[in-house]
2 protein chains.
Amino acid sequence: MPPLAETASLLADRTRAAFCQVLLDGRAWTAGELARHAKVQPSTASEQLSRLVKGGLLTEERQGRHRYVRLAGPEAAALIEAVAAYAPDSPRPQNLRQSVRLNAEARARTCYDHLAGQLGVALADAMITRGLVADDSGLAVTPAGRAWLADALGYQRPAGARRPLVRSCLDWTERRPHLAGVLGATLCATALERQWVQRVGSGRAVKVTSMGVQAFEELLGAKVS
Amino acid sequence: MPPLAETASLLADRTRAAFCQVLLDGRAWTAGELARHAKVQPSTASEQLSRLVKGGLLTEERQGRHRYVRLAGPEAAALIEAVAAYAPDSPRPQNLRQSVRLNAEARARTCYDHLAGQLGVALADAMITRGLVADDSGLAVTPAGRAWLADALGYQRPAGARRPLVRSCLDWTERRPHLAGVLGATLCATALERQWVQRVGSGRAVKVTSMGVQAFEELLGAKVS
DNA sequence: GAGATGGTTCGGGCAGCGCCGAACTGTTAC
DNA sequence: GTAACAGTTCGGCGCTGCCCGAACCATCTC
């Protein structure tokens with residue numbers, strides 16, 4: 001089997017795809033949690049997780065009787081996003097609970113290690129109009145943006161860093177790009193740490209706190225509900 | 001089946017993957033050519049092609065008794081590249097003929113609609129050192145690069161153009177990025193048109209002509225063998 | 001120690017998918 | 001017209017691979 005088909009096979013199954021998509025929240029999940037989420041028996045989850053780990057998409061970490069599993073890295077997340085984003089038509093919500101959850105996620109959520117949804121897109125727009133990021137045939141961090149990253153978020157780039165400072169990530173609810181890469185990740189981490197946003201429920205949804213509304217307004221001139 | 005698994009399924013088969021990978025040369029192939037290439041019966045090829053077309057990865061065009069098929073667009077090419085590039089270890093050539101072909105492709109080949117291989121990476125490097133493209137947390141065309149694109153290649157951007165001017169595409173032989181996007185495509189088209197490179201064999205391999213060596217040297221200061 | 005919980009391994013059943021060959025339709029060449 | 005050629009449709013076969021339940025192992029609690 002050629003490598004292309006090999007890699008694609010990893011994502012070409014209902015159960016494994018469900019695992020990968022929740023793991024896009026960037027956190028580590030236990031095998032049992034994932035099994036319940038995907039509605040399969042623990043034995044099935046165990047096998048499929050092993051395949052994903054062996055395929056290099058996931059990494060695992062054993063702690064006592066728990067098996068924690070997370071995405072292998074930003075490349076893995078980017079791959080999953082790329083395949084998922086290719087879907088020509090977005091599916092409609094099936095029932096009320098799902099619809100509520102989707103609404104919350106549409107407003108604000110994490111996408112691997114950065115912010116997405118209306119919030120993510122609004123922040124991206126704000127950074128572009130403020131001149132911190134240039135949207136000039138591909139995204140790039142401006143010198144002003146680099147200063148902001150250091151001053152406002154306290155980030156300093158390590159010497160041999162490979163990961164791009166900013167990367168565009170297509171938002172599957174807004175159908176517009178939001179910010180990934182180092183900038184997106186640092187912003188998201190800072191926002192969680194300083195309680196600008198809080199996780200709600202067990203999914204990827206987050207909500208903006210009143211502190212967050214103020215901070216985003218002051219730091220970026222972004223008006224978020 | 002969720003959209004992620006749906007899309008991945010399209011590439012998760014030996015035959016369909018083979019189709020997509022040769023179609024990365026950007027040309028239109030007939031169903032029969034693809035069947036012979038993938039070593040399957042015409043009937044099999046016909047069915048699998050229909051799946052790829054229905055899935056939106058390919059578009060078809062009927063001409064008389066021929067069915068021409070090509071990649072649906074740059075997004076489709078980018079998706080296939082992304083999945084293929086994730087392969088952790090590159091496979092070794094199996095036999096002599098394959099090895100020769102791989103060597104030719106490693107030197108210079110097309111990758112969908114732009115140039116790849118050692119040639120593609122060398123050109124990318126040259127454009128960066130000449131200041132035509134900035135490699136600054138993501139690639140971007142500089143003002144000088146924009147002028148070069150107009151003067152040297154005669155390209156003028158249409159009003160409502162959506163495709164990014166330049167995009168980074170990971171080279172699977174060199175393991176380094178080369179240039180895709182409008183810039184990569186225009187450069188490749190010009191190179192073929194002005195006979196700087198010529199296609200060799202029926203695959204994706206190309207070879208640089210003596211005219212090409214001179215042109216790349218003069219226009220970009222790039223030394224290509 | 002016993003019991004509960006999280007996870008894994010194994011055997012088996014079932015469905016889906018990919019492949020082929022044969023028959024057929026439509027187009028081009030003579 | 002006939003013959004050759006490109007492609008499609010359909011029935012059928014075989015294999016893969018996904019899932020489950022049962023037994024088992026390891027860890028933590030009491």
Side-chain angles (χ1 to χ4, degrees), chain A residues 1-23 27-70 80 83 202, chain B residues 1-23 27-70 80 83 202:
Chain A
M1 185 114 87
L4 172 57
E6 195 90 43
T7 306
S9 298
L10 291 176
L11 298 174
D13 168 70
R14 191 165 43 87
T15 303
R16 288 193 298 271
F19 289 171
C20 289
Q21 275 188 312
V22 281
L23 286 168
R27 291 183 287 183
W29 291 54
T30 67
E33 287 170 338
L34 288 170
R36 279 189 296 278
H37 172 80
K39 297 192 178 28
V40 292
Q41 297 303 314
S43 56
T44 302
S46 177
E47 288 176 0
Q48 306 299 0
L49 285 178
S50 296
R51 286 197 54 180
L52 288 168
V53 169
K54 189 184 293 184
L57 275 180
L58 269 42
T59 55
E60 65 184 12
E61 208 170 321
R62 312 262 174 164
Q63 270 179 33
R65 59 182 169 181
H66 291 283
R67 177 196 208 177
Y68 284 98
V69 87
R70 64 168 71 238
I80 295 165
V83 179
S202 62
Chain B
M1 185 113 90
L4 172 58
E6 195 89 44
T7 306
S9 298
L10 290 176
L11 299 174
D13 169 70
R14 192 164 43 86
T15 303
R16 287 193 297 270
F19 289 170
C20 290
Q21 275 188 312
V22 280
L23 285 167
R27 291 183 288 181
W29 291 54
T30 68
E33 287 170 337
L34 288 170
R36 280 189 296 279
H37 172 80
K39 297 192 178 32
V40 292
Q41 296 303 313
S43 57
T44 303
S46 175
E47 289 176 1
Q48 305 299 359
L49 285 178
S50 295
R51 286 197 55 178
L52 288 168
V53 169
K54 189 185 293 184
L57 275 180
L58 268 43
T59 56
E60 64 183 13
E61 207 170 322
R62 312 265 174 162
Q63 270 178 31
R65 59 183 169 181
H66 291 283
R67 178 196 207 177
Y68 284 98
V69 88
R70 64 167 72 239
I80 294 164
V83 178
S202 64

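Remember, predicted model here, so these are calculated numbers, not experimental data.
Taken to the nearest 0.5 Å, the CD1 atom of A/Ile80 stands 9.5 Å off from the CG atom of A/Leu10. We find the CZ-CG distance between A/Arg70 and A/Leu23 to be 9.5 Å, quoted to the nearest 0.5 Å. Taken from CG in A/Leu57 to OG1 in A/Thr7, the straight-line distance is 7.5 Å, to the nearest 0.5 Å. In this structure, B/Thr30 OG1 and B/Glu60 CD are separated by 13.0 Å, a value rounded to the nearest 0.5 Å.
The salt bridge (charged side-chain N to carboxylate O under 4.0 Å, His left out) pairs that include a residue from residues 33-42 of chain A number zero, where partners must be two or more places apart or lie in different chains.
Between the CG atom of B/Leu49 and the P atom of D/dT8 there is a distance of 8 Å, given to the nearest Å. If you take CD of B/Glu60 and C1' of D/dT8, they are 12 Å apart, rounded to a whole angstrom.
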I would like to know whether A/Leu11 and B/Val83 meet side chain to side chain contact (heavy atoms under 4.5 Å, CB included); could you show each step before the answer? CA-CA 10 Å; A/Leu11 298 174; B/Val83 178; over 6 Å; no
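Residues passing the side chain to side chain contact (heavy atoms under 4.5 Å, CB included) test with B/Gln21, sequence neighbours excluded: A/Leu4, B/Ala84.
Within the nucleic acid shown, A/Arg36 has no heavy atom closer than 4.0 Å to any nucleic acid atom. As judged by a 4.0 angstrom heavy-atom cut-off over every strand, B/Thr30 is placed among residues touching the sugar-phosphate backbone only.
When every heavy atom of A/Ala31 is checked against every heavy atom of A/Ala45, the shortest pair comes out as O-CB, 4.2 Å. Nearest heavy-atom pair across B/Pro42 and B/Ala35 is CA-CB, 4.1 Å.
Fit an axis to the five pairs at each end of the helix from C/dG1-D/dC30 to C/dC30-D/dG1 and the two axes sit 20° apart, to the nearest 10 degrees.
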Output a table of donor-acceptor pairs, distance under 3.5 Å, between side-chain atoms of residues 46-56 of chain B and any protein atom two or more places apart or on a different chain; print 'none' if there are none.
from    : atom 1 : to      : atom 2 : distance (Å)
B/Gln48 : OE1    : B/Arg16 : NH1    : 2.8
B/Ser50 : OG     : B/Ser46 : O      : 3.1
B/Ser50 : OG     : B/Arg67 : NH2    : 3.2

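Boundaries of the chain B contact region on DNA chain C are C/dG18 to C/dT28, first to last in 5' to 3' order (nucleotide atom under 4.0 Å from a heavy atom).
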Starting at the 5' end of nucleotides 16-30 of chain D, put B wherever the base has a protein heavy atom under 4.0 Å, S where only the sugar-phosphate does, and a dash everywhere else. --SSBBB----BS--
